**Q** 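Sharing a structure here in structure tokens format.
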Amino acid sequence: MSEKYLVIGETRDGSLRNVTFEAIAAARKINSDAEIVGVVCGDEDLSEQAKEMIYYGADKVITIKHDNLKTYTSEGFGQAIMTIINEENPAGIVMGHTSIGKDLTPKLASKLGTGLISDAVDIETGNGKVEFIRPIYSGKAFERKITTSGITFVTIRPNNIPSLERDEARSGDVTTKEIDITDIRTIVKEVIRKASEGVDLSEANVIVAGGRGVKSEEGFKPLQELADVLGGAVGASRGACDAEYCDYSLQIGQTGKVVTPDLYIAVGISGAIQHLAGMSNSKVIVAINKDPEANIFNVADYGIVGDLFEVIPVLIEEIKKIK
Amino acid sequence: MNIFVLLKKTFDTEEKISVSNGQIEDDGAEFIINPYDEYAVEEAIVQRDAHGGEVTVVTIGDEDSEKQLRTALAMGADKAVLINTEDDLDEGDQFTTAKILEAFFEDKEPDLILAGNVAIDEASGQVGPRLAELLGIPYVTTITSLKIDGEKVNIEKDVEGDVEVIETSLPVLVTCQQGLNDPRYPSLPGIMKAKKKPLEELEIDDLDLDEDELEPKTKTTDIFLPPEKEAGRVLEGEIEEQVQELVSLLKNEAKVL
């Protein structure tokens, strides 16, 4: 019998997040012969989501539906997933390194007494070894990590390991599991939506980030407009957050989020080492800054020296022309 | 209230990282309190001042870690504990760290444990939740607000930019996110007082632990630097021309549009 790999799926507003599909691809990369078992939790019928996981490469999917799984809590989801782990006895577990992944997986690893390799951006196999590459020092360096005992347990950074081709011809078992979820000691009373509508910063393919040069909260509006035209998200440097032009949840850098979009447009950002740590592994970097000496130009693929308030509106118009 | 802070020293964020023989070169590097742990120290002091009790700062490290503990004491923590593993442990991972802390907390009866949500060096964010699980207490990660009323605890948690309002009760472990507070700088009298505050040093043997139980489950086999990025092209001409060229480059050369 082939080894089982468990992929913990994650939904947002009822839809599976892309990183779930990337996690399936990661499990397949770790062991190409493995039986991939998807699991997804919620308080509604999840058969459509389960089917999607199968189209993206899962061999079977277990859904767990319970009123106490409406909003994520480590205790609710922990009980649900632990039950599945105990029944399926997987050789490995993969999940996205998202807010929920970061919160849940250490608890599971601790309960299982296993290791956990967090935030992998690549997987290399060969000579019977599976090595995970993960950024350390906020991407100033990388480490190669292996599991030395127990199951292989890993979270993967969104947007780094490509998902497999979606194939509607794939089929697999979908089962629904009844699990009693009790003793929740942390209760989510309310969720206040503050994140920019639509695109999540950590999963965005395009990020338009503003720094002190944006000068005000008002100054971020054209950046948002540019992000909207590109289907991207808005981020910020610490300077802009400290100056209260925008919320700390948008901060990119050594403190704040570390992001790796396909396109990063740094607007009015000088490029302090702490900021570069959070974005320098982006695939293509564009810098727009008044100061030709700004450090950001040293990491940018393309630079425009100029007033951002003149450049951005023109850029928006030019992009609209080709979209 | 019996308040504990888990603290780690990290490289100063200004430091450039260099690697030799697959290891991070730390000779001459400046170390600081992990920035997220500073929020934890600050919050511990604020909660103690509001509710009474004592703040104990705990770190696992080597003798140099005393510096960061003294800084936390100078900020206002009451006691510090250094679990010095330099002579006993060749390697460890988050499993190991959580196990050591579990043994440390065995006789401590904490009401509140605070930690940073992540350390800016290894950035796993595992130790807090792992420890809470081992101690059998609830935890909430990435908090941006903490209000304690008797046994009741109201928390705001950052979830990728959204805010979750959470109700739980003591004892609880929380990990701190930016936005929770503004950590104070140690004052001069604070620094003077810190020199006299108790700093206890423990080794693995002082805890109820076998070294076999601490065997790590994962291992780092190599550390390397990302490829150096070459400076790109700064465009020239009128703004309109530059923008047109940029869009064309993004579309045809970089192929990201």
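Source: prediction; values computed, not measured. Chain letters run A, B, ... following the sequence lines, proteins first, then strands; residues in each count from 1. We use all heavy atoms of the structure for the numbers below, so side chains are in, but hydrogens, waters and symmetry mates are not.
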**Q** Tell me, for A:Asn281 versus chain B, whether the close heavy atoms (under 4.5 Å) come from the side chain, the backbone, both or neither.
**A** side chain

**Q** With a strict 4.5 Å heavy-atom criterion, list every residue of residues 122-131 of chain B that contacts chain A, or say none.
**A** B:Glu122, B:Ala123, B:Ser124, B:Gly125, B:Gln126, B:Pro129, B:Arg130

**Q** Which label fits A:Phe142 and B:Phe224: parallel for a plane angle under 30°, tilted from 30 to 60°, or perpendicular past 60°?
**A** parallel

**Q** Pick one of side chain, backbone, both or neither for A:Thr105, based on which atoms fall under 4.5 Å of a heavy atom in chain B.
**A** neither

**Q** Closest approach of B:Leu225 and A:Lys140, non-hydrogen atoms and distance?
**A** CD2-O, 3.5 Å

**Q** Among A:Thr73, A:Asp247, A:Leu263, A:Thr148, single out the residue with the greatest number of heavy-atom pairs under 4.5 Å to chain B.
**A** A:Thr148

**Q** Please state whether the side chain, the backbone, both or neither of A:Val206 comes within less than 4.5 Å of a heavy atom of chain B.
**A** neither

**Q** Which members of residues 303-310 of chain A, sorted by number, sit under 4.5 angstrom from chain B on a heavy-atom basis?
**A** A:Gly303, A:Ile304, A:Val305, A:Gly306, A:Glu310

**Q** Assess whether side-chain contact (heavy atoms from CB on, under 4.5 Å) is satisfied between B:Glu14 and A:Ile273, documenting all intermediate values.
**A** CA-CA 7 Å; B:Glu14 295 279 349; A:Ile273 186 168; 4.1 Å; yes

**Q** What part of B:Tyr139 gets closer than 4.5 Å to chain A, counting heavy atoms only: side chain, backbone, both or neither?
**A** both

**Q** Looking at every heavy atom in both A:Gly113 and B:Lys217, which two are closest together, and how far apart are they?
**A** O-CE, 3.2 Å

**Q** Chain A heavy atoms under 4.5 Å from B:Lys99: which part of the residue, side chain, backbone, both or neither?
**A** neither

**Q** By a 4.5 Å heavy-atom criterion (distance strictly below it), what part of A:Ile133 contacts chain B: side chain, backbone, both, or neither?
**A** side chain

**Q** Quick check on B:Pro227 against chain A: is it the side chain, the backbone, both or neither that has a heavy atom closer than 4.5 Å?
**A** neither

**Q** Under 4.5 Å from any heavy atom of chain B, what part of A:Thr255 do you find: side chain, backbone, both or neither?
**A** both

**Q** What part of A:Gln251 gets within 4.5 angstrom of chain B, counting heavy atoms only: side chain, backbone, both, or neither?
**A** side chain

**Q** Show the numbers, then the answer: is there a side-chain contact (heavy atoms from CB on, under 4.5 Å) between A:Tyr137 and B:Ile120?
**A** CA-CA 6 Å; A:Tyr137 298 87; B:Ile120 59 168; over 6 Å; no

**Q** Please classify the contact between B:Pro35 and chain A as side chain, backbone, both or neither, with a heavy-atom cut-off of under 4.5 Å.
**A** side chain

**Q** Please look at B:Leu134 and chain A and tell me whether the side chain, the backbone, both or neither of the residue comes under 4.5 angstrom of a heavy atom of that chain.
**A** both

**Q** Report the C-alpha separation of A:Gln254 and B:Thr13 in whole Å, then their side-chain angles, then the decisive distance to 0.1 Å, and conclude whether the side-chain hydrogen bond (donor to acceptor under 3.5 Å, both in side chains) test is met.
**A** CA-CA 7 Å; A:Gln254 190 143 19; B:Thr13 56; 5.0 Å; no

**Q** Does the pair B:Leu246 and A:Val286 meet the rule for a side-chain contact (heavy atoms from CB on, under 4.5 Å), with working shown?
**A** CA-CA 9 Å; B:Leu246 174 67; A:Val286 172; 3.9 Å; yes

**Q** Within this structure, what is the CD-CD1 distance for the pair B:Gln242 and A:Ile288, rounded to the nearest 0.5 Å?
**A** 9.5 Å

**Q** So with a 6.0 Å cut-off around NZ of A:Lys283, is the heavy-atom count from everything else above 12?
**A** yes

**Q** OG1/B:Thr220 to CD/A:Glu143 distance, rounded to the nearest 0.5 angstrom?
**A** 3.5 Å

**Q** Enter the distance from A:Phe132:CZ to B:Thr218:OG1 here, rounded to the nearest 0.5 Å.
**A** 11.0 Å

**Q** Distance alone, cut at 3.5 Å: any donor-acceptor contact between the side chains of A:Tyr302 and B:Glu253?
**A** yes

**Q** Take A:Val188 and B:Val165 through the test side-chain contact (heavy atoms from CB on, under 4.5 Å) and record every step on the way to the result.
**A** CA-CA 6 Å; A:Val188 178; B:Val165 182; over 6 Å; no

**Q** With rounding to the nearest 0.5 Å, note down the distance linking CD1 in A:Ile265 to CG in B:Leu250.
**A** 6.5 Å

**Q** Would you indicate whether B:Lys108, at its atom NZ, is surrounded by more than 12 heavy atoms from other residues, nucleotides or ligands within a distance under 6.0 Å?
**A** yes

**Q** Heavy-atom distances under 4.5 Å only: say whether A:Ile184 touches chain B with side chain, backbone, both or neither.
**A** neither

**Q** Given heavy-atom pairs under 4.5 angstrom as the criterion, report whether the side chain, backbone, both or neither of A:Ala300 touches chain B.
**A** backbone

**Q** Any chance CG of B:Asn252 has more than 12 other-residue heavy atoms, nucleotides or ligands included, within less than 6.0 Å?
**A** yes

**Q** Where does B:Ala254 contact chain A at under 4.5 Å (heavy atoms): side chain, backbone, both or neither?
**A** both

**Q** Please assess A:Arg17 against B:Glu160 for the test salt bridge (charged side-chain N to carboxylate O under 4.0 Å, His left out), listing each intermediate value before the final yes or no.
**A** CA-CA 13 Å; A:Arg17 294 182 67 167; B:Glu160 293 172 4; 3.0 Å; yes

**Q** Looking only at non-hydrogen atoms, find the nearest pair between B:Thr168 and A:Thr186 and report the distance.
**A** OG1-CG2, 3.5 Å

**Q** I need the B:Ile166 CD1 to A:Lys189 NZ distance, nearest 0.5 Å.
**A** 11.5 Å

**Q** Between B:Glu167 and chain A, with a heavy-atom cut-off of 4.5 Å, which part of the residue counts as in contact: side chain, backbone, both or neither?
**A** both

**Q** What are the two closest non-hydrogen atoms of A:Ala141 and B:Pro226, and how far apart are they?
**A** CA-CD, 3.9 Å

**Q** Determine the minimum heavy-atom distance between B:Lys251 and A:Ile322, stating which atoms define it.
**A** CD-CD1, 3.8 Å

**Q** Do other residues, nucleotides or ligands put more than 12 heavy atoms under 6.0 Å from B:Asp208 CG?
**A** no

**Q** What residue, out of A:Val191, A:Leu315, A:Asp103, A:Asp262, has the most heavy-atom pairs lying under 4.5 Å from chain B?
**A** A:Asp103

**Q** Strictly below 4.0 Å, N to O, side chains only: are A:Arg12 and B:Asp162 in salt-bridge contact?
**A** yes

**Q** For B:Ile24, is it the side chain, the backbone, both or neither that has a heavy atom under 4.5 Å from a heavy atom of chain A?
**A** side chain

**Q** Working to the nearest 0.5 angstrom, can you tell me the gap between A:Leu116 CG and B:Gln94 CD?
**A** 7.0 Å

